[in-house]
Amino acid sequence: MASIYQSMSDAELAAELERLEAAAQALRDKGLKLDMARGKPSPEQTALSKPMLDLLTSETDLSDGTVLTENYFAPDGLPSARKLAAELLGVDAKNVIVNGSSSLNLMHDLVAHAFALGICGNEPWCRQGRAKFLCPAPGYDRHFTVTAHYGIENIPVPMTPDGPDMDMVERLVETDPQVKGIWCVPKYSNPQGYTYSDETVRRFAALKPAAPDFRIFWDNAYIVHDLYDEGDELLNIFDALAETGNDDLVYEFASTAKVTFPGSGMAFVTASDANMADIRAHFAAVRVCPEKISQFAHVAFLHDAAGVRAHMRKHAAVLRPRFELVERKLSEGLGDLGIATWTHPRGGYFVLFNGPEGSAKAIVALAKELGVTMTGAGATWPYGNDPHDSDIRIAPTFPTLDDLGQALDVFVCAVKLVSARLEASSRA
Ligand SMILES: Cc1ncc(COP(=O)(O)O)c(C=O)c1O
């Protein structure tokens with residue numbers, strides 16, 4: 001379908017460009033300083049968890065069953081915290097380690113373990129030639145940074161609304177022993193907000209990797225982050241693995257970073273018995289036990305999975321108007337122009353915007369010039385290389401509704417002006 005600018009005569013396009021340049025100048029003159037870049041909860045959201053800080057005093061009995069929180073013990077984390085994490089993930093608590101405050105840190109540690117020491121007795125990846133990792137793209141930039149940090153080759157795999165292109169995943173995983181892993185955000189993917197279909201989850205569970213030390217890094221970061229009472233349903237990967245008998249294929253991660261406090265939540269990992277034994281042995285060499293006072297406070301505050309869900313409904317009440325504002329501003333500003341599409345997530349932290357080929361860098365640069373910081377164009381692709389230069393991640397959670405509205409007006413103006421300029425230069 002031709003875009004509105006393509007269907008204009010040269011004179012109409014010149015007049016439209018003049019109008020858009022004037023609109024941009026008016027925005028530039030406002031001297032705005034707004035940020036739609038990173039996926040952080042808003043202050044209203046972190047405030048929801050501050051009462052957790054009142055639950056511990058010097059008088060609090062810190063015993064968790066037989067475990068004393070205030071001392072060493074419990075290398076897998078507090079029993080009550082493991083129980084809570086297991087309930088959220090739908091797995092057995094014996095297969096959960098709650099450790100530290102960052103799930104990305106756990107993912108990094110397991111990549112480092114595989115790279116330097118080897119998984120479950122296999123040769124370390126670093127001694128097997130150049131390892132490769134599959135990166136559904138656009139995806140989470142920090143995943144790609146972890147593997148790139150170790151010199152592992154990041155290979156983009158196209159994303160669809162049902163998840164990664166599974167024909168390509170199967171072909172690469174099942175034929176190339178250098179392919180050692182894949183990054184997955186199966187629910188409300190960052191940045192699209194897609195949830196993998198049951199068929200995709202089953203195809204993951206049925207993979208027959210060429211490498212015995214291939215692992216799926218199943219980052220369920222947005223497992224409880226629904227915007228609506230009726231959330232997307234994700235098939236439990238471990239239920240699917242039970243059917244295929246491929247128990248050792250997956251490491252699953254999640255955290256309460258965006259439930260309570262980013263950077264001060266609790267992070268967890270779960271995997272098969274054999275993988276957990278391997279992970280435990282690794283962690284035993286790294287530290288005596290995890291930090292547990294925060295775990296204690298989290299359980300005292302959230303109680304159980306039902307408590308987490310009730311808390312997340314409060315987050316949703318804060319976030320829903322922001323996501324709905326994105327949808328409304330983009331539809332009103334760009335809906336009929338034939339220049340852009342965007343995703344319509346029902347949870348998670350992002351919206352993925354797709355502009356004309358060759359426009360994303362220019363749109364982000366122009367938005368910056370007009371006072372709005374966006375995630376860098378290309379950041380959602382391995383090595384920052386968006387082959388179409390068309391994807392832009394919108395992170396609507398942090399700004400106030402008022403700031404977000406203004407930032408979206410700027411963004412819409414930047415998209416239109418860059419699209420019209422591109423059309424004019426293609427005619428020149
Ligand atoms: C997909 C995904 N995984 C992990 C994280 C970071 O989680 P944590 O704070 O637990 O390290 C984020 C944060 O944006 C994310 O989007």
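Because the structure is a prediction, the values reported are computed rather than measured. Start at 1 with the first residue, then count along the sequence. Just so you know, ligand 1 is whichever comes first in the structure, and atom 1 is the first atom listed for that ligand.
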For [atom], what is the nearest protein heavy atom, given as residue, atom name and distance?
atom	result
atom 7 (O) of ligand 1	Ser103 OG, 3.3 Å
atom 5 (C) of ligand 1	Tyr140 OH, 3.4 Å
atom 11 (O) of ligand 1	Ser102 OG, 2.7 Å

Which segment of [X] sits under 4.0 Å of ligand 1 when only heavy atoms are counted:
X	result
Asp219	side chain
Ala221	side chain
Tyr222	side chain
Ser255	side chain

Test: side chain to side chain donor-acceptor pair (under 3.5 Å). Region: residues 234-246. Which pairs qualify, not counting sequence neighbours?
none
I would like to know whether Gln128 and Asp213 meet side-chain hydrogen bond (donor to acceptor under 3.5 Å, both in side chains); could you show each step before the answer?
CA-CA 11 Å; Gln128 299 184 50; Asp213 50 358; 2.8 Å; yes
List for me each residue that meets salt bridge (charged side-chain N to carboxylate O under 4.0 Å, His left out) alongside Glu44, sequence neighbours excluded, and say none if there are none.
Arg322
Pick from Leu370, Leu34, Val364, Ile363: which one makes a side chain to side chain contact (heavy atoms under 4.5 Å, CB included) with Phe411?
Ile363
Can you say whether the rings of Phe133 and Phe217 are parallel (under 30°), tilted (30 to 60°) or perpendicular (over 60°)?
perpendicular
Taking the non-hydrogen atoms of Lys258, is any one of them nearer than 4.0 angstrom to ligand 1?
yes
Do the ring centers of Tyr251 and Trp218 come within less than 6.0 Å of each other?
no
If we number the atoms of ligand 1 from 1 as shown, the ones under 4.0 Å from a heavy atom of Ala257 are 9 (O), 10 (O)
Return yes if some donor-acceptor pair links the side-chain N/O of Tyr188 with the main-chain N/O of Asp232 below 3.5 Å, else return no.
yes
With nothing but distance in play, are any N or O atoms of Phe350 less than 3.5 Å from an N or O of ligand 1?
no
